[in-house]
Amino acid sequence: MIQLVVSVLLFFVIFFGLAFILNMLLRRTWLMAFIYPFIVLLIVGGISITEYFKSPVASFSLAFEKLLLITPVDMIILSSGLVGTIVCGFVIKFLRKSGYQMF
């Protein structure tokens, strides 16, 4: 149980931070939230990135098959990363509204 809590917190913080840094570099608030499903496919699928370009149909179908086989605990952990990117988007919008122009 403690591993689940630590993993959820870790994924939330990691993807919040990645989204924050990506936003500071590219100034796109919701970009990481749109990229996150592809990152999940890379994590779960276990297929190299080059395979997605060599044979995209087979690679994506295999990745989606593996995605359907993950456990509910893994789904909770991966969902916390998505929540981290979404919360980051709202934080960035709040910071911009408050006058911080670098975000």
Side-chain angles (χ1 to χ4, degrees):
M1 184 65 182
I2 191 75
Q3 292 93 351
L4 176 64
V5 174
V6 170
S7 297
V8 165
L9 185 62
L10 184 67
F11 261 67
F12 180 86
V13 170
I14 285 173
F15 283 102
F16 181 92
L18 285 174
F20 202 86
I21 291 169
L22 190 64
N23 181 37
M24 285 177 33
L25 294 174
L26 301 177
R27 295 191 51 86
R28 303 281 182 237
T29 305
W30 301 106
L31 179 65
M32 188 64 182
F34 292 116
I35 294 175
Y36 187 75
F38 295 108
I39 294 172
V40 168
L41 285 179
L42 289 174
I43 292 171
V44 172
I47 304 167
S48 70
I49 296 174
T50 57
E51 288 298 317
Y52 285 103
F53 292 107
K54 288 180 182 176
S55 58
V57 175
S59 299
F60 277 108
S61 71
L62 180 63
F64 280 119
E65 285 177 15
K66 288 186 178 181
L67 185 65
L68 293 175
L69 297 176
I70 64 173
T71 63
V73 173
D74 293 332
M75 187 61 87
I76 292 169
I77 294 169
L78 292 171
S79 298
S80 70
L82 179 62
V83 170
T85 61
I86 292 171
V87 169
C88 179
F90 286 117
V91 168
I92 293 295
K93 289 185 83 60
F94 174 75
L95 288 172
R96 283 191 188 132
K97 187 185 272 187
S98 298
Y100 292 96
Q101 294 182 2
M102 72 181 279
F103 303 116

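Any value given below was found using the heavy atoms of this structure, including those in side chains, with hydrogens, waters and symmetry copies removed.
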Who passes ring pair (Phe, Tyr, Trp, His ring centres under 6.0 Å) against [X], sequence neighbours left out?
X   : result
F94 : none
F38 : none
Y36 : F15

Which atoms form the tightest heavy-atom contact between N23 and T29, and what is the distance?
OD1-N, 3.7 Å
Y52 and L42: which non-hydrogen atoms are nearest, and at how many Å?
CE1-CD2, 3.4 Å
Membership question, hydrophobic clusters at under 4.5 Å side-chain separation (ILVMFWY): are [Y] and [X] in the same one?
X   : Y   : value
V83 : I76 : no
V44 : V57 : no
L41 : I49 : yes
I86 : I43 : yes
F90 : I35 : yes

Going by side-chain hydrogen bond (donor to acceptor under 3.5 Å, both in side chains), name the pairs with one or both residues in residues 82-93, residues two or more places apart or in two chains.
none
All side chain to side chain contact (heavy atoms under 4.5 Å, CB included) counterparts of [X], not counting sequence neighbours:
X   : value
S80 : V8, F11
I14 : L10, L18
E51 : I47, S48, K54, S55, S59
F16 : F20, V87, C88, V91

If you look only at pairs with a residue in residues 62-87, which of them pass as a ring-ring contact (aromatic ring centres under 6.0 Å, His included), with sequence neighbours excluded?
none
Under 4.5 Å between side-chain heavy atoms, chaining through other members, with only Ile, Leu, Val, Met, Phe, Trp and Tyr counted: pull out the rest of the cluster around I2, sorted by chain and number.
V6
Taking the side chain as C-beta and beyond, is there a heavy-atom pair between I39 and M32 under 4.5 Å?
yes
Nearest 0.5 Å, what's the CD1-CZ distance between I92 and R28?
13.5 Å
Nearest 0.5 Å, please: how far is CG in L31 from CG in L22?
5.0 Å
Distance-only donor-acceptor pairs under 3.5 Å for side chains of residues 65-72, two or more places apart:
residue	atom	partner	partner atom	Å
K66	NZ	G45	O	3.0
T71	OG1	D74	N	3.3
T71	OG1	D74	OD2	3.1

Are there over 12 heavy-atom neighbours, none belonging to L26, within less than 6.0 Å of that residue's CG?
yes
